[in-house]
Amino acid sequence: MQRTIISNLKNELGKEVKINAWVDVRRDQGKLIFLDFRDASGKVQGVILPNNSEAHSVGSEVRPEWVLEVLGKVNPRPERAIQKDKFNGDIELEILSISVLNKAETPPFEVEGDGKEVSEEIRLKYRYVDLRRERMKKNILKRHQSLQFVRNFYSKNDFIEIETPCLTKSTPEGSRDFLVPARIDPGKFYALPQSPQQYKQFLMSAGFEKYFQIARCFRDEDTRGDRQPEFTQIDVETSFESQEEIMEKSEQMIIDLVESIFPEKKIQSKPFPRLSFADSMEKYGTDKPDLREDKEDENLLAFCWVIDFPFFEKDDDGGWTFTHNPFSAPTVESMGELMEKRNIENIRAAQYDIVLNGYEIGGGGLRNYTPEALRKVFEIMGYSNDKIEHSFSPMLKALASGTPPHGGIAFGFDRIMMLLLNEPNIRETIAFPKTGEGRDPLMEGPTTVAPDQLDDLGIAVQD
Ligand code: ASP
């Protein structure tokens, strides 16, 4: 007999079926044993009637999380037992026979409920059990639907998805890099990308014109609720488009995503309001203002754009550093000051951030596409010619090879999911996240490695 998935049982009323499922809940009432079953498609209540002694003896042995094959008959529930608000609340599976496919040890915590009372360390250690709970399944499913939506949106708009490397070179992009020792060149290191920034610009040099990628990014920073050492960006870049065109397309993507996958949400104002950095700081004291008119309403989304950022700010040593991205272009009005390296504090970047309910969910900019202008940025930051060559010569060469004007944006996908799913942190939206301290309790990483692995790399670990 072919397997019927649980969500299709209601089409089989009165028939005998076979299901494969986990025991979700077991209630032994002596004469009657109730087993609630769960598969990827949903749940259903099963019952073993007193006259079925064989099923009864297996049924009194099985426990939650055991995996079964069950033959049963789909019956309508008697009127008084109908649960209208429950999935499959109007049917019941009369269990005819049970075979145990696999037993399960007593689970480390209940799969029922939202799991918020369980320590996160334990939830992550047994993530494969934690992900069985309805809340987590829903989060992962919504994440999948959102990713599919984003892929379709950009593909339909003639963008092509291009993968870029995870093993790349360490460059100063604002955060600490994760380094990967190179066996083929002892003493040298790859770095994991903080973002595909330089590669997406190379793709513009290469003439692809419209690129996107669901990209994994790595930043060795202290983890917070809305940060993880590895995270997912929706990364986008286009050639020959104005700041206005890039912002409009990005806004459309976000609106369409919300309206198709999260229809219960209400977007407070469309088009999204725009604020200059200076106005936002003056009015709200932050460049990530929470513009919600009603902060109690969990379905209200207040998006806004923040623009006109200063290009440079003073670093801890009193020198200049970039506020967002060294590759940003200045605004048209600021180009003269950049090229002449004067009035540095007044130079504005053609940079735009998108904010949702007080969180920055994305940011991008037009880029400096001439090598002369990019060089000026590094000179203002006090980089020597040697440092510029060492860190940025591939980009400067690419810009000198016939690179079109271009710009783009990147969205923090995990953060967007956190906000749309009303979760308190991004870990609740990622299948296998690190803990708040950046460790992986499931695989128990990071770990020490065997001495010969270190020898291969020419590495000695200091005590
Ligand atoms: N690469 C930038 C970031 O990761 C985003 C962008 O400007 O496209 O923040």
Side-chain angles (χ1 to χ4, degrees), residues 150 154 159 161-166 168-178 191-205 208-221 224 226-239 241-243 245-247 249-251 253-254 277 287-288 305-313 321-331 348-356 359-369 373-374 377 391-392 395 398-399 403 405-416 426:
V150 169
Y154 283 111
F159 286 69
E161 185 169 10
I162 306 177
E163 294 151 283
T164 54
C166 280
T168 175
K169 182 179 142 180
S170 180
T171 53
E173 260 187 62
S175 301
R176 192 182 295 117
D177 283 324
F178 277 102
L192 303 181
Q194 293 182 24
S195 82
Q197 182 67 36
Q198 297 198 51
Y199 286 107
K200 68 174 170 174
Q201 295 196 240
F202 293 144
L203 290 169
M204 296 302 106
S205 302
F208 284 103
E209 295 194 26
K210 291 178 175 208
Y211 144 94
F212 82 100
Q213 180 180 194
I214 311 293
R216 193 60 65 83
C217 304
F218 306 85
R219 297 182 190 177
D220 190 1
E221 293 173 323
R224 292 203 306 244
D226 58 348
R227 293 216 174 140
Q228 279 271 296
E230 55 178 305
F231 58 95
T232 302
Q233 271 189 354
I234 304 167
D235 198 43
V236 184
E237 197 77 6
T238 52
S239 297
E241 283 195 348
S242 64
Q243 173 166 335
E245 287 167 316
I246 297 172
M247 288 168 71
K249 177 96 40 63
S250 304
E251 187 166 322
M253 187 280 282
I254 290 288
F277 170 77
D287 58 357
K288 305 174 204 26
W305 289 101
V306 180
I307 52 176
D308 271 338
F309 284 90
F311 200 127
F312 298 98
E313 63 188 359
T321 185
F322 53 89
T323 63
H324 278 80
N325 188 328
F327 304 109
S328 295
T331 57
R348 296 276 161 268
Q351 166 80 33
Y352 29 89
D353 279 2
I354 182 164
V355 174
L356 168 58
Y359 287 84
E360 183 195 325
I361 57 160
L366 298 183
R367 321 295 181 192
N368 259 329
Y369 59 92
L374 181 59
V377 172
S391 296
F392 297 107
M395 177 63 90
L399 297 186
T403 292
H406 61 282
I409 192 162
F411 297 94
F413 182 66
D414 312 286
R415 216 178 270 178
I416 294 177
I426 64 173

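Ligands are counted one by one from 1 in listed order, and the atoms in each one are counted from 1 as well.
Side chains of Thr168 and Tyr199: a donor on one and an acceptor on the other come within 3.5 Å. No side-chain donor from either of Asp414 and Gln228 sits under 3.5 Å from a side-chain acceptor of the other.
No more than 12 heavy atoms of other residues, nucleotides or ligands shown are found within 6.0 angstrom of OH on Tyr369. Heavy atoms of other residues, nucleotides or ligands lying less than 6.0 angstrom from OH of Tyr359 number 12 at most.
Under a 4.0 Å criterion applied to the non-hydrogen atoms of Gly364, ligand 1 contributes the atoms 6 (C), 7 (O). In the vicinity of Asn325, heavy-atom distances shorter than 4.0 Å reach the ligand 1 atoms 1 (N), 2 (C), 7 (O). Residue Lys200 approaches ligand 1 through these ligand atoms, each under 4.0 Å from one of its heavy atoms: 6 (C), 8 (O). Listed by number with element, the atoms of ligand 1 under 4.0 Å from a non-hydrogen atom of Gly363 are 5 (C), 6 (C), 7 (O), 8 (O). Contact atoms of ligand 1 toward Ile409: 8 (O) (distance under 4.0 Å to a heavy atom of the residue). Heavy-atom proximity to Ser195, at under 4.0 Å, picks out these atoms of ligand 1: 1 (N), 4 (O).
A donor-acceptor pair under 3.5 Å links the side-chain atoms of Arg176 to the main chain of Asp220, judged by distance alone.
When Glu245, Glu241, Met247 are each tested for a side chain to side chain contact (heavy atoms under 4.5 Å, CB included) with Gln243, only one passes: Met247. Exactly one residue among Glu237, Lys210, Gln213 makes a side chain to side chain contact (heavy atoms under 4.5 Å, CB included) with Phe159. That residue is Lys210.
At least one heavy atom of Arg219 sits closer than 4.0 Å to an atom of ligand 1. Note on ligand 1: Arg367 sits in its first shell, one or more heavy atoms being nearer than 4.0 Å.
For atom 4 (O) of ligand 1, the nearest non-hydrogen atom from the set Glu237, Gln233, Gln197 comes from Gln233.
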